[in-house]
Each structure stands twice: as C-alpha cells, then as structure tokens.
Chemist: 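Input: one structure, supplied below.
Computed from a prediction, not measured in an experiment: that's the story for all the values here. Residues: numbered from 1 along the sequence shown.
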Amino acid sequence: MTLPVIEKARSGELALGTFVFEFATNGIGRLAAHAGAEFVLYDAEHTGWGWETLGGLVATTRPTGVPAWIRIPSAFDRTTVSRALDVGASGIMAPMVGSAEVAARLVEWSKYPPDGSRGAAFGVAHDDYRTGDNVATMRKANSDNAVICQIETVAGLEAVEEIAAVPGVDVVWVGHFDLTNSMGIPGQFDHPDYLAALDRVAKAAADTGTIAGFMPTSVEQATDLAGRGFSLLAYNGDLWLYQQALAAGIAAIRSVLQG
C-alpha cells in the first residue's frame, strides 16, 4: 500500500477524515478536503444514491488529492466492488464482514491480476480518462486502492484476528451501532463487553499490521479511540455536522437576543 493516508494510519499516526451521507453536491468533497479531512467516505449502504451520483461525488473529490472511498451496500458482490472502483473510488468499505473468506473475496475483487480478478477497463473514470501504460495502471491501483472491512457483528468480532490477517485488507473498522445490536446490548457504548470488543479489534489490527478504524461523533470519543489504538477516524457525517452547527448557532443567537 502506497496511499499516504493509509501509510500514515498504519504507522500509528492519527489520520482524520469524514463521512458523507446526504449532501450530494459538487462541492462537498472539496469542502471536506479544505477543512482538513484526509479522506472522504461516501455512503452507498444507508443512502439512495445511484452510481451516477456516487461517480460525480468521487470525480469532484479526486482533484483535491484526498482519497474518496465508497461504502458499498451490505448485499455486495463482485459487480458492486468493480463499479465502486471503476467510477473512481480509491477504495471500498464493506459492511458486516463476518469471516476471513469474505474478506479474501473482497480483496480478490478489488485487485487486478495477478493479485486478484478485478475486470480490466482503462481510460475510464478511475484513470481520469487518461490513456497510458495499462500494466503500470494496474500495478498502481493494486497498491493504492484500500480495502476496509467493517466489524459489526458477533461473527465478525469472533473472526477479527483472521480478517485482519488477510493479505490486502488494510482496515478493520468497527460499526458500533450494528455491533452492539448484534451483541444484544443495543446502544450501550459504555458496556464492558463493547469496550472489550473495541480493544480486541485494535489489538487484532496492531498484531497484523493493519489499521483500526471508526466514525467518532465527538472530540471526547475520538480521543478515547485514539488512546485505544484506532488511527483512522472519520469524524462524523455531513448531515449531523450541519444540523448540530445550525442548532448551536440558532440557540446562541436566541440566547443573546432574548436574554
């Protein structure tokens, strides 16, 4: 892997990005990049966005140099992975990865031969429509494209050591709401079993040279996660950040003007 943000996080240095769920604008990726985000994750699991929309979001993010990744739908297959990469994403996040076998398939579908079985198309969106040395293009894509496996079920947690050890897996990422649901402690983020699960994921990443990832929604949560060994953090999502900032500003104006 030669992608700087992945190498930074793999070294243990904190890398910060953000999630985008709602605002499918030509500016959102650039806004995030200029705010200091080191990567942008576009969600295709919990949104209604189609490939045309996702391709536009990725295309307008790429010129910033900040990696644009796509979280694919949970019912993923080879075609889903290929499309995410072919519209220009420089990596994929897969929900609810429950075994090393599933992780290995994701890597295979994400990599060109000889490292995988990704279908070849050149001079398209992922090349910025440039032509050139196709072999060099495949080699660079295999090196740069990130594979992120979400650990958000009991099955995934029990297999996290094996998932993290799959060659080509770059990140094991905790999906906290789904994980607590699967553990039978929905939303209990202070539960000892959940906290132990965080530490287990972080240890699996450290032991295998992969990265532990998470989407914190506060500075305090991010600080705690960094202390536990999570080094790739997507700070919150666009809709919540906007709503929180708007609510805080409106409340502050009303407080001042209404005494």
Side-chain angles (χ1 to χ4, degrees), residues 3-10 12-49 53-73 84-85 87-95 144-152 170-179 189 198 201 205 211-249:
L3 198 63
V5 68
I6 290 292
E7 286 304 299
K8 178 180 180 179
R10 200 189 303 279
E13 190 176 350
L14 184 62
L16 293 169
T18 194
F19 243 112
V20 175
F21 294 83
E22 185 68 24
F23 301 133
T25 75
N26 289 336
I28 193 69
R30 286 172 286 178
L31 284 165
H34 295 313
E38 296 173 88
F39 63 90
V40 181
L41 265 160
Y42 291 106
D43 186 69
E45 181 188 12
H46 298 297
T47 69
W49 290 339
T53 298
L54 290 161
L57 288 166
V58 169
T60 52
T61 306
R62 285 172 65 95
T64 68
V66 168
W69 299 328
I70 292 176
R71 175 161 66 178
I72 59 178
L85 297 173
V87 300
S90 57
I92 56 104
M93 171 185 279
D144 286 355
N145 286 346
V147 176
I148 304 168
C149 294
Q150 285 202 271
I151 307 301
E152 44 190 355
D170 298 295
V171 184
V172 282
W173 186 289
V174 173
H176 50 302
F177 276 106
D178 280 316
L179 181 56
F189 301 122
L198 290 180
V201 172
I211 299 161
F214 198 98
M215 187 189 80
T217 56
S218 70
V219 174
E220 294 76 17
Q221 188 182 31
T223 302
D224 176 71
L225 289 160
R228 293 177 185 275
F230 286 75
S231 57
L232 192 72
L233 301 180
Y235 173 61
N236 223 328
D238 56 339
L239 67 167
W240 302 299
L241 288 167
Y242 172 78
Q243 189 176 56
Q244 290 165 10
L246 181 62

Chemist: If you round to the nearest 0.5 Å, how far is CG of Asn236 from CG of Leu241?
Modeler: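 That separation rounds to 4.0 Å.
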
Chemist: Of the non-hydrogen atoms in Trp69 and Leu232, which two are nearest, and what is the gap between them?
Modeler: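 Shortest heavy-atom separation between Trp69 and Leu232 comes out as CZ3-CD2, 4.1 Å.
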
Chemist: For the side chain of Glu152 and the backbone of Leu179, is there at least one donor-acceptor N/O pair under 3.5 Å apart?
Modeler: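 Answer holds: no.
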
Chemist: Would the distance check show the side chain of Glu7 and the main-chain N or O of Leu3 forming a donor-acceptor pair, the cut-off being under 3.5 Å?
Modeler: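 The answer is no, because no donor-acceptor pair under 3.5 Å joins these two groups.
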
Chemist: Nearest 0.5 Å, what's the CG-CG distance between Leu233 and Leu14?
Modeler: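 Atom-to-atom, Leu233:CG and Leu14:CG are 5.0 Å apart.
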
Chemist: Could you report the tightest heavy-atom contact between Ile72 and Ala84, atom names first, then the distance?
Modeler: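 In terms of heavy atoms, the two residues are closest at CG2-CB, 4.0 Å.
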
Chemist: Side chain to side chain contact (heavy atoms under 4.5 Å, CB included), that's the test. Do Val20 and Leu41 meet it? Break it down for me.
Modeler: CA-CA 6 Å; Val20 175; Leu41 265 160; over 6 Å; no

Chemist: Is the backbone of Val219 close enough, under 3.5 Å, to the side chain of Thr223 for a donor and an acceptor to pair up by distance?
Modeler: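 Pair found, side chain donor or acceptor close to backbone of Val219.
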
Chemist: Is the ring pair Phe214/Phe230 parallel, tilted or perpendicular, if the boundaries are 30 and 60 degrees?
Modeler: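 If you compare the ring of Phe214 with that of Phe230, the planes turn out perpendicular.
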
Chemist: Between Pro95 and Gln150, which heavy-atom pair has the shortest distance, and what is it?
Modeler: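 Closest approach of Pro95 to Gln150: CA-OE1, 3.6 Å.
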
Chemist: Are the side chains of Leu57 and Ile28 in touch, meaning some heavy atoms are under 4.5 Å apart?
Modeler: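 In contact.
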
Chemist: Between atom CH2 of Trp173 and atom CD1 of Ile151, what is the distance when rounded to the nearest 0.5 Å?
Modeler: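 Output value for this atom pair is 12.5 Å.
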
Chemist: How close do Asp170 and Ala146 get, heavy atom to heavy atom, and via which atoms?
Modeler: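 So the two residues come closest at OD2-CA, 3.3 Å.
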
Chemist: Does atom CD (Gln243) have a neighbourhood of more than 12 heavy atoms from anything else shown, all under 6.0 Å?
Modeler: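 Check fails, neighbour count at 12 or below.
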
Chemist: Closest approach of Thr60 and Thr25, non-hydrogen atoms and distance?
Modeler: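 Taking Thr60 first and Thr25 second, the nearest heavy atoms are OG1-O, 4.4 Å.
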
Chemist: Distance-only, no hydrogens or angles: does the Arg228 side chain make a donor-acceptor pair with backbone N or O of Leu198 under 3.5 Å?
Modeler: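 Between the backbone of Leu198 and the side chain of Arg228 there is no qualifying donor-acceptor contact (under 3.5 Å).
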
Chemist: Please indicate whether Tyr242 has more than 12 foreign heavy atoms, meaning atoms of other residues, nucleotides or ligands, lying under 6.0 Å from its OH.
Modeler: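 No, OH of Tyr242 has 12 or fewer neighbouring heavy atoms, counting only those of other groups under 6.0 Å.
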
Chemist: Do Ile92 and Ile148 come within less than 4.5 Å of each other through their side chains, counting heavy atoms only?
Modeler: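 With C-beta onward as the side chain, the pair stays apart.
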
Chemist: Take Phe21 and His46 through the test ring-ring contact (aromatic ring centres under 6.0 Å, His included) and record every step on the way to the result.
Modeler: CA-CA 8 Å; Phe21 294 83; His46 298 297; 7.1 Å; no

Chemist: Apply the test side chain to side chain contact (heavy atoms under 4.5 Å, CB included) to residues Thr61 and Thr64: give CA-CA distance (whole Å), side-chain angles for both, the deciding distance (0.1 Å), then the verdict.
Modeler: CA-CA 6 Å; Thr61 306; Thr64 68; 4.2 Å; yes

Chemist: From Asp178 CG over to Glu45 CD, what is the distance, rounded to the nearest 0.5 angstrom?
Modeler: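 It is 7.0 Å, given to the nearest 0.5 Å.
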
Chemist: Return the minimal non-hydrogen interatomic distance between Pro216 and Leu225, and the atom names on each side.
Modeler: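 So the two residues come closest at CB-CD1, 3.9 Å.
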
Chemist: Using side chain to side chain contact (heavy atoms under 4.5 Å, CB included), reason through Val58 and Ile70 one step at a time and then give a plain yes or no.
Modeler: CA-CA 9 Å; Val58 169; Ile70 292 176; 4.0 Å; yes

Chemist: So, taking the atom named CD in Gln221 and the one named CE in Met215, what distance separates them when rounded to the nearest 0.5 Å?
Modeler: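 So the CD of Gln221 and the CE of Met215 are separated by 8.0 Å.
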
Chemist: Indicate yes or no: at least one non-hydrogen side-chain atom of Asp144 is less than 4.5 angstrom from one of Ile6.
Modeler: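 No. Closest side-chain heavy atoms not under 4.5 Å.
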
Chemist: Out of curiosity, Arg71 CZ to Thr47 OG1, how far, rounded to the nearest 0.5 Å?
Modeler: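 Going from CZ on Arg71 over to OG1 on Thr47, the span is 9.0 Å.
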
Chemist: Could you check whether Tyr42 and Phe19 have their ring centres less than 6.0 Å apart?
Modeler: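 They do not qualify: ring centres at least 6.0 Å apart.
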
